[in-house]
Amino acid sequence: MFVSLLVSALSVLCPLGQTSLPLVVNTWPFKNATAAAWRTLQSGGSVLDAVEMGCACCEMEQCDGSVGYGGSPDEYGETTLDAMIMNGNTMEVGAVADLRRIKNAIGVARAVMERTDHTLLVGESASVFAENMGFIAEDLTTNKSLNIFTQWLKGNCQPNYRKNVFPDPSMSCGPYKPKATLNQRKRVAQHANTRSHDTIGMVALDQNGHVAAGTSTNGLTHKVPGRVGDSPIVGAGAYADSSAGAATATGDGDVMMRFLPSYLAVELMRAGADPSAACKTAISRIKRHYSDFFGAIICANTTGHFGAACNKVPGFSQFHYMVSNSESDTPLMKSVDCI
Ligand code: SD4
């Protein structure tokens, strides 16, 4: 009696000690993805199953046009996919980048993890691997992505991500050749249209403290063919370690991958930072060098506490993300003010 009174008094006085596991957290208000992951956990699936199902749900739904087929056509008009999954118990990772013709990128990432000794497969060879593993090859182009591409061509291929080339990339389409002199070209204002990139990044934790993380995206619209973002890069797009927690990032991957924000956040949580503080520090680290980068990160520690942070830029002052835990039957949208 005395002990149980003491325990309940402590949980009121010290809510940080409470756990709320299992837990699913994902970037952006992709509610069906959260629900799919949560259902997977509830029906006895592992955290890896949950992350895979959650991300696959977004791939099928083409969440915001930024995940899965039919989005972010590159300079050739082709949609290519990046994805990763990480097992925080074993530190195994499977990832694919620049994946062509296969819709279920997170599934292929998991196959890389479970059916090879490798971590990351890229491009055409990743697609051949996927086909051999039984994934169906399909055209990822849709009327929508074709239209985005056609409009871009009509608009003189603007914006594009070339610099130090001729003809002048701010006024022309390629083919480009290198210019003899290197000049700074102001980075294309990525945050002019923050909706143009909304990767799903998801972390899942079970009751036993097993942590997993994953991502899936079609990257960046009008990217240079072959471009790979942060999402399939370990420690950049996501990171999971069952002895510390998990994190996953979204935003301007070309910048963010230089700072391994997901790894940093997990290491900060390992050192005792609470998830919100860890996320803020990861964002601040990037901000120091790229004050106007577009990006956000979500973090969860092993006790089921979670947090998020984002960089404030014009048109993006709040970041929304989804959470499912035992406190609610349905996924809840959370918001954080950007710093
Ligand atoms: C990328 N980070 O390829 C991805 C895109 C993204 O929110 O996260 N959008 O750069």
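All figures in this text were calculated on a predicted structure; none of them were measured in a lab. As the structure lists them, so they are numbered: ligands from 1, and atoms in each ligand from 1. Residue numbers start at 1 and run along the sequence shown.
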Here the gap from E61 atom CD to I200 atom CD1, rounded to the nearest 0.5 Å, amounts to 9.0 Å
Give a yes or no on whether the backbone of Q158 and the side-chain of N156 come within a donor-acceptor separation of less than 3.5 Å.
no
Residues R100, E124: salt bridge by 4.0 Å N-O rule:
yes
Applying a strict 4.0 Å limit to heavy atoms, is S66 in contact with ligand 1?
no
Under a 3.5 Å cutoff, is there a donor and acceptor pairing between the side chains of T27 and T250?
no
Would you say the side-chain atoms of N301 and T303 include a donor-acceptor pair closer than 3.5 Å?
yes
Taking only residues two or more places apart in sequence, or in another chain, which ones meet F135 in a ring pair (Phe, Tyr, Trp, His ring centres under 6.0 Å)?
none
Any nitrogen or oxygen of [X] lying under 3.5 Å from a nitrogen or oxygen in ligand 1? Just yes or no.
X    : answer
R227 : yes
T217 : no
F294 : no
D82  : no
L220 : no

Ligand-side contact atoms (ligand 1) for residue partner [X], heavy atom cut-off under 4.0 Å:
X    : answer
G229 : 3 (O)
D230 : 1 (C), 2 (N), 4 (C), 10 (O)
G219 : 3 (O)
S231 : 2 (N), 4 (C)

Among residues at least two apart in sequence or on other chains, which ones pass side chain to side chain donor-acceptor pair (under 3.5 Å) with R227?
D254
Is there a chain of hydrophobic side chains (I, L, V, M, F, W, Y, each step under 4.5 Å between heavy atoms) that links L48 to L21?
yes
Measure K223 to ligand 1 on non-hydrogen atoms and call it side chain, backbone, both or neither using the 4.0 Å cut-off.
neither
